[in-house]
Protein chains: 2
Amino acid sequence: MANGASSPVPTIYQVAERAGVSIATVSRAFSDPSKVAPRTLDAVLEAARVLRYVPAAAARALAVRRSKALGVVLPHIDGPYYAELLVGFEVAASELGLSVVLALLNPQEPRHLSVLDLLGRVDGVAFMARSGAQDDTVRQVADVRPTVSVARGQVEGVDAFYAENRAAARQLTEHLIEHGRRRIGFVGRLEEGSDIGQRHVGYLEALEEAGLAPAERFEKDPVEASGLEIAEMLLAVERERNDADAGAAGADDATGIAGLDALVCGNDELAMAIISRLTAAGVDVPGRLAVTGWDDTVTARYLTPGLTTVRQDVAELGALAAQRLAALIDGDTSQSPVTVDSNVVLRQSCGCAPDPVPALA
Amino acid sequence: MANGASSPVPTIYQVAERAGVSIATVSRAFSDPSKVAPRTLDAVLEAARVLRYVPAAAARALAVRRSKALGVVLPHIDGPYYAELLVGFEVAASELGLSVVLALLNPQEPRHLSVLDLLGRVDGVAFMARSGAQDDTVRQVADVRPTVSVARGQVEGVDAFYAENRAAARQLTEHLIEHGRRRIGFVGRLEEGSDIGQRHVGYLEALEEAGLAPAERFEKDPVEASGLEIAEMLLAVERERNDADAGAAGADDATGIAGLDALVCGNDELAMAIISRLTAAGVDVPGRLAVTGWDDTVTARYLTPGLTTVRQDVAELGALAAQRLAALIDGDTSQSPVTVDSNVVLRQSCGCAPDPVPALA
DNA sequence: TGTCACGCTGTAAGCGCTTCCAGCTCTGAT
DNA sequence: ATCAGAGCTGGAAGCGCTTACAGCGTGACA
């Protein structure tokens with residue numbers, strides 16, 4: 001900074017002195033201008049301006065016993081998913097005049113300390129995404145501060161916000177069945193949070209209704225590497241089968257690979273990786289294997305084939321969470337879980353035909 | 001929360017009383033345990049535990065005149081780019097024992113107030129990405145608090161951090177020239193920040209060295225919609241040309257569209273949209289038009305053709321910024337700008353051949 | 001046995017705000 | 001002319017912590 005370090009940081013006292021008023025008046029000038037006479041107000045504001053006065057939030061927080069800040073704890077973000085969640089939350093919070101303090105929590109190393117640190121400086125906290133191992137932490141925090149849980153497994157007594165999962169998964173699976181798929185697999189770690197758990201339930205419902213048995217389930221984290229692994233696995237199995245069948249009728253070959261003809265994946269990243277690896281190996285997607293994602297990443301529509309996935313209004317979810325958290329802080333009581341809608345987005349990876357596009361003359 | 005609201009929030013006094021010591025001892029127990037006798041320490045910690053004591057950060061901040069928090073101001077995030085930047089920053093900050101408070105600043109509506117708010121509660125602030133209009137804000141903040149500028153236009157007297165742009169752009173452009181491209185366009189709003197400006201410089205250098213004239217430049221924001229617009233524009237121009245040439249030799253047609261045979265784009269999103277639209281219209285990319293992106297989005301490699309782009313270690317950038325900011329707060333003096341390397345990632349959209357991949361037996 | 005140093009602890013003075021309360025100055029009604 | 005009340009303002013008491021500073025008991029040493 002230019003000089004900040006040299007001159008002492010101005011406080012309400014300096015401003016008061018320069019404006020020729022008491023600190024009480026300066027305080028009022030900032031918190032409720034209508035309480036001070038116009039002339040006085042001008043003088044105060046002017047003094048504050050020339051001194052570059054910035055009210056010390058800590059002092060205010062101490063005096064009013066409110067920090068006017070909300071905490072967010074997230075797993076180490078990367079996906080656009082978390083970013084969107086965070087943006088929705090921040091925008092809503094700042095509209096309520098609340099700051100947002102961010103804590104990234106690597107599920108591997110709990111860093112319990114950093115949570116304590118966070119707690120001390122916020123009026124409430126939102127736990128977003130990832131669940132399971134963290135549930136204890138959530139519970140402890142909830143004992144001490146207003147708390148909400150967003151897009152993650154629910155915790156007893158903590159207000160929960162999540163996108164609708166079950167119905168969308170069911171719808172998605174039904175769609176695959178309509179495409180004639182019969183051996184539909186599922187990719188996702190169930191205990192990792194009820195989000196994926198719910199999707200699995202919807203998936204099972206659709207299968208049951210159609211009188212189909214669930215096909216293989218892959219218990220994998222929803223990341224690129226898992227997708228690659230799964231693809232390799234499928235390819236290996238298929239190769240083996242072919243070797244075994246050597247010379248025999250390749251009846252099983254027209255559609256299907258390794259005994260599957262469709263795969264419902266936990267998110268787009270996973271689906272993308274699987275499709276890419278399979279396609280590179282010459283497997284026709286969706287011809288032999290339909291693959292669906294979840295999240296509707298920006299790029300999903302640019303893939304070949306276009307990725308059929310599920311769109312959730314994650315920003316809205318974040319915003320709702322921030323608003324409820326603010327309400328809880330103001331003394332509102334807990335309410336029932338809130339869900340936002342999800343929409344299945346059909347593109348080509350499920351077997352749908354591409355939209356016709358005008359060609360270059 | 002379960003009960004928090006009912007029982008009064010425990011303070012250092014309650015803990016002291018319950019442990020049978022003075023508040024000074026409790027304070028020491030938390031800030032420097034070695035200053036307290038082991039037996040006493042145990043008693044204090046135990047009392048704190050049963051009372052669920054959480055030290056009030058505000059009070060501490062007031063007493064030590066340090067909030068132990070860093071501010072980050074970002075434009076309304078979405079891209080993975082910002083998310084990565086933020087993650088790098090947060091991780092580094094938390095390793096230094098500093099919290100991160102986040103402020104999203106929509107360049108459209110300045111919300112100057114929210115910046116003031118932020119200033120009051122942090123020891124230093126990092127301005128990330130997007131520049132131009134915000135420069136004044138940065139300057140004002142820098143007058144009052146230690147400040148760094150990350151991945152954005154530089155401001156006099158403010159420590160800057162950015163990814164190398166010029167050399168990478170030059171290298172990328174040279175690569176296109178090696179592919180035989182001669183009419184290479186550029187997409188990016190120059191005044192929007194020196195990032196893209198630097199890339200433009202590198203691009204020009206490469207052209208000049210090769211004795212080529214720069215082709216058309218599209219002054220567009222780096223978002224999906226712009227990409228679509230540009231693609232439509234190219235298609236329209238091309239259609240017109242074809243109509244004009246009707247019957248004449250289609251010599252210009254083998255490679256090139258609308259007078260261009262390559263396009264260097266400001267980011268991946270833009271490039272993706274252009275490629276998608278053109279491909280859908282039957283234009284061969286990279287056959288007729290090579291297109292490159294910037295950022296190496298996760299999905300870049302999954303596109304068809306694979307997107308040639310530039311990879312920057314954005315997380316590293318964020319981390320460096322956090323560390324420097326912490327140093328500035330501790331009284332270090334400003335230093336020269338820091339840049340992290342960028343690497344050109346060649347895939348197929350520039351005209352390179354795809355990697356061979358083992359096919360399914 | 002006295003002295004001193006050392007380790008541990010408590011007392012108390014802030015840190016920069018908010019806000020209750022009281023007091024002052026006007027105005028308008030009586 | 002008097003007084004009630006409204007409108008503004010200042011005094012002062014905290015908010016929950018940190019951190020000199022001083023005091024105490026103890027053991028080492030002379």
Side-chain angles (χ1 to χ4, degrees), chain A residues 7-45 47-48 51-69 97 116-117 119-123 144-145, chain B residues 7-45 47-48 51-69 97 116-117 119-123 144-145:
Chain A
S7 54
V9 180
T11 71
I12 202 172
Y13 289 93
Q14 275 67 276
V15 177
E17 183 174 358
R18 188 165 227 281
V21 300
S22 75
I23 61 164
T25 299
V26 176
S27 175
R28 286 186 203 109
F30 278 91
S31 57
D32 185 356
S34 77
K35 285 184 165 179
V36 332
R39 305 179 53 98
T40 320
L41 183 59
D42 283 352
V44 171
L45 262 26
L51 293 176
R52 302 182 194 291
Y53 168 65
V54 177
R60 156 168 253 278
L62 186 55
V64 303
R65 268 89 86 60
R66 274 286 172 85
S67 67
K68 286 283 192 181
L116 231 213
D117 235 52
L119 271 187
R121 57 173 79 238
V122 299
D123 297 328
V144 169
R145 289 276 186 288
Chain B
S7 53
V9 180
T11 70
I12 200 172
Y13 289 94
Q14 274 69 276
V15 178
E17 183 174 357
R18 186 164 228 281
V21 299
S22 75
I23 62 163
T25 299
V26 176
S27 175
R28 287 187 202 107
F30 279 91
S31 57
D32 185 358
S34 76
K35 286 183 163 178
V36 173
R39 305 178 54 97
T40 320
L41 184 59
D42 283 352
V44 171
L45 263 25
L51 294 176
R52 301 182 195 291
Y53 169 64
V54 177
R60 157 168 254 276
L62 186 56
V64 303
R65 268 88 88 59
R66 275 288 172 84
S67 66
K68 287 283 193 180
L116 230 212
D117 236 52
L119 272 187
R121 58 174 78 238
V122 299
D123 297 328
V144 170
R145 288 277 185 290

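Chain letters run A, B, ... following the sequence lines, proteins first and then strands; every chain starts at 1. The figures here come from the full heavy-atom set of this structure, side chains too, leaving out hydrogens, waters and symmetry mates.
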Shortest side-chain distance from A:Tyr53, nucleotide among C:dC15, C:dC17, C:dT11: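 Of C:dC15, C:dC17, C:dT11, C:dC17 is nearest to the side chain of A:Tyr53.
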Nearest of C:dT9, C:dC17, D:dT18 to any side-chain atom of B:Ser27?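 Within the option list, the nearest is D:dT18.
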What is the distance from atom CG of B:Leu41 to atom NZ of B:Lys35, rounded to the nearest 0.5 Å?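 So the CG of B:Leu41 and the NZ of B:Lys35 are separated by 13.5 Å.
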Using a heavy-atom cut-off of under 4.0 Å over every strand shown, decide if [X] touches base, sugar-phosphate, or nothing.
X: A:Thr11; value: sugar-phosphate
X: A:Val26; value: nothing
X: A:Ala24; value: base

Between [N] ([atom2]) and [X] ([atom1]): distance, integer Å:
X: B:Asp123; N: C:dC15; atom1: CG; atom2: C1'; answer: 14 Å
X: A:Lys35; N: D:dA6; atom1: NZ; atom2: C1'; answer: 15 Å
X: A:Asp32; N: C:dT18; atom1: CG; atom2: P; answer: 12 Å
X: A:Glu17; N: D:dG10; atom1: CD; atom2: P; answer: 13 Å
X: B:Arg39; N: D:dT26; atom1: CZ; atom2: P; answer: 14 Å
X: B:Tyr13; N: D:dG14; atom1: OH; atom2: P; answer: 11 Å
X: A:Arg60; N: D:dC15; atom1: CZ; atom2: C1'; answer: 13 Å
X: A:Arg65; N: D:dC17; atom1: CZ; atom2: P; answer: 11 Å

Nearest-nucleotide 5' precedence on DNA chain C, B:Pro38 against B:Val64: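 With B:Pro38 and B:Val64 compared, the 5'-side residue is B:Pro38.
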Pick the nucleotide of DNA chain C nearest each of B:Ile23 and A:Phe30; which residue has the one closer to the 5' end?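 That would be B:Ile23.
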Could you pick out which residue, A:Ser34 or B:Thr25, lies toward the 5' side of DNA chain D when each is mapped onto its nearest nucleotide?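 Nearest nucleotide further toward 5': that of A:Ser34.
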Judged by each residue's nearest nucleotide on DNA chain D, which is more toward the 5′ side, A:Thr40 or B:Val54?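 Nearer the 5' end of the strand: A:Thr40.
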Quick one: does any side-chain atom of [X] pair with a main-chain N or O of [Y] as donor and acceptor, under 3.5 Å?
X: A:Thr25; Y: A:Val21; result: no
X: B:Ser67; Y: B:Ala61; result: no
X: B:Arg60; Y: B:Pro55; result: no

May I ask you to verify whether the side chain of A:Arg28 and the base of D:dG10 hold a donor-acceptor pair under 3.5 Å?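 Such a pair exists between side chain and base.
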Are B:Tyr13 and B:Tyr53 near enough that their ring centres are under 6.0 Å apart?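 No, the ring centres sit 6.0 Å or more apart.
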